[in-house]
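To keep things clear, I will list the structure first and then write my remarks on it.
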Number of protein chains: 2
Amino acid sequence: MPVSAFAVLGLLSQAPASGYQLAQLVDGPISNFWPMSKSNVYGELVRLEELGLVEASDVSQVKLPNKRVFHLTAAGEAALDAWLREPTFRKERRKNSLLVKMLFADRLAPEHIVALVEAARDEAESERARLAAIVDALAEFPAAQWGRSTALFGLRHAEATLAWADDMRHQLDQPVSNATPRRHDTSA
Amino acid sequence: MPVSAFAVLGLLSQAPASGYQLAQLVDGPISNFWPMSKSNVYGELVRLEELGLVEASDVSQVKLPNKRVFHLTAAGEAALDAWLREPTFRKERRKNSLLVKMLFADRLAPEHIVALVEAARDEAESERARLAAIVDALAEFPAAQWGRSTALFGLRHAEATLAWADDMRHQLDQPVSNATPRRHDTSA
DNA sequence: GGAAGCATGTAAGATGTTACATGATTAC
DNA sequence: GTAATCATGTAACATCTTACATGCTTCC
């Protein structure tokens with residue numbers, strides 16, 4: 001089962017919800033580290049229902065369309081908890097196209113490399129500010145401690161990108177000395 | 001075009017290569033931030049050839065199977081450079097199942113949360129050591145400066161995960177005071 | 001004789017996205 | 001009247017993965 005399935009289980013464990021409500025919930029805090037589309041949510045619900053991990057109750061509404069409100073079954077709770085307990089996330093290789101660009105940066109004029117680094121810096125800085133505010137605001141709500149910890153993770157990593165951007169600035173300021181020995185100086 | 005296509009273009013820009021050779025190259029440094037499978041490589045080569053961004057030369061070999069060695073066309077070089085110059089990588093949302101688990105950590109016994117954090121810490125520490133060695137080793141090779149910068153990025157982020165794990169240790173050491181005021185104290 | 005390396009791919013499926021389709025009610 | 005919200009989905013496509021298939025040569 002994909003992580004997305006467990007993400008849906010996790011959200012439903014906090015409160016029963018319809019597909020529509022879930023589709024809104026996945027745009028909440030969880031979207032910071034596990035983005036999902038609406039179709040994806042509906043798809044996972046079909047899977048989870050077939051597996052007996054969730055069940056739906058039909059809820060009739062007068063002025064609004066009826067809806068199916070999903071809740072975890074005992075099997076669903078067990079599956080969620082079993083997954084949460086596994087400390088296995090190693091295989092998740094992060095993809096980062098900024099670094100692909102950096103790897104081939106010797107094709108670029110210095111000004112373009114600078115632009116790349118500055119764009120990364122700008123984005124990291126606004127992330128840092130956004131997450132610092134969240135971490136700060138949640139500090140006084142003990143019930144939000146785990147949500148806060150995910151924001152803190154993002155904050156630390158935004159800081160890491162800023163630190164790296166500063167490293168790069170220094171490296172770009174004092175361009176590599178061409179006098180350093182190489183094995184073959186074929187080019188130039 | 002997916003980033004994978006540009007990754008292949010980038011590798012070919014450094015030296016012409018056969019599909020087989022590329023399939024080995026993608027397991028090199030680039031796999032740290034853009035993992036690709038062998039089939040993926042062959043698939044991208046088909047696409048790039050159809051688009052006229054790469055061309056193949058048939059190379060006959062005596063004791064080994066013949067091969068098709070790919071190289072960039074002028075259009076391929078232009079496409080690669082145009083992509084490298086764009087400072088657009090924002091949309092790339094990082095997925096992180098560790099954080100999904102943390103978000104629902106209130107379902108876990110403290111010992112399991114500790115295990116999760118420690119597993120993340122251990123992995124980050126070995127990443128840190130591995131990347132620090134690379135960053136160090138490449139320092140004396142100016143030609144490797146951009147490859148080094150990608151390792152440095154990884155290093156800074158490994159350090160960030162370690163810093164976060166320490167944050168979490170402190171948080172777990174002194175569990176949240178239940179006395180802090182809440183709006184409704186429905187539970188407990 | 002068997003494993004490992006060289007070399008090229010196909011086929012099936014998992015995962016996920018965007019856009020499309022429908023239809024009622026409510027707020028402006 | 002028109003846009004937004006509630007509500008549920010489908011269809012087509014993009015991306016990528018794993019496993020399978022083939023066949024020759026070299027090394028042990």
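No hydrogens, no waters, no symmetry mates; every other heavy atom, side chains included, goes into these values. Every chain is numbered from 1 and lettered A, B, ... according to where its sequence line falls, protein lines coming before strand lines.
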Could you run through nucleotides 8-13 of chain D and give me one letter per nucleotide, 5' to 3': B if any protein heavy atom sits under 4.0 Å from the base, S if only the sugar-phosphate is that close, - if neither?
BBB---
In 5'-to-3' order, the base (B), backbone-only (S) or no-contact (-) status of each nucleotide in nucleotides 23-28 of chain D, using a 4.0 angstrom heavy-atom cut-off, is B-SS--
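Between B/Arg128 and B/Glu125 there is a salt bridge, since at least one side-chain N of the basic residue sits less than 4.0 Å from a carboxylate O of the acidic one. One finds a salt bridge joining B/Glu127 and B/Arg130 here, because a Lys/Arg side-chain nitrogen approaches an Asp/Glu carboxylate oxygen to under 4.0 Å. A salt bridge does not link B/Asp58 with B/Lys67: none of the charged nitrogens is closer than 4.0 Å to a carboxylate oxygen. Of the charged side-chain nitrogens involved, none lies within less than 4.0 Å of a carboxylate oxygen, so that B/Glu140 and B/Arg148 do not count as a salt-bridged pair. Of the charged side-chain nitrogens involved, at least one lies within less than 4.0 Å of a carboxylate oxygen, so that A/Arg107 and B/Glu77 count as a salt-bridged pair. A salt bridge links B/Arg169 with B/Glu118: the closest approach of a Lys/Arg side-chain nitrogen to an acidic carboxylate oxygen falls below 4.0 angstrom.
Rounded to an integer number of Å, the gap from CE of A/Met36 to C1' of C/dT15 is 10 Å. Regarding A/Asp27, its CG atom lies at a distance of 14 Å from the C1' atom of C/dT17, rounded to whole Å. Rounded to an integer number of Å, the gap from A/Met1 CE to C/dT15 C1' is 14 Å. Rounded to an integer number of Å, the gap from A/Gln24 CD to D/dA4 C1' is 12 Å. Atom CH2 of B/Trp34 is separated from atom C1' of D/dT17 by 15 Å (rounded to the nearest Å).
When each of B/Gly43 and A/Asn40 is assigned the nucleotide of DNA chain C bearing its nearest heavy atom, the one mapping closer to the 5' terminus is B/Gly43.
One N or O on the side chain of A/Thr73 and one on the backbone of A/Gly52 form a donor-acceptor pair closer than 3.5 Å.
Under 4.0 angstrom from either OP1 or OP2 of C/dG16 there lies at least one side-chain N or O belonging to A/Ser4. Within the 4.0 Å cut-off from OP1 or OP2 of C/dT15, at least one side-chain nitrogen or oxygen of A/Arg47 is found.
Residues passing the ring-ring contact (aromatic ring centres under 6.0 Å, His included) test with A/Trp83 are A/Phe6, sequence neighbours excluded.
Using a 3.5 Å distance cut-off with no hydrogens or angles, the side chains of A/Trp34 and A/Ser4 do pair a donor with an acceptor.
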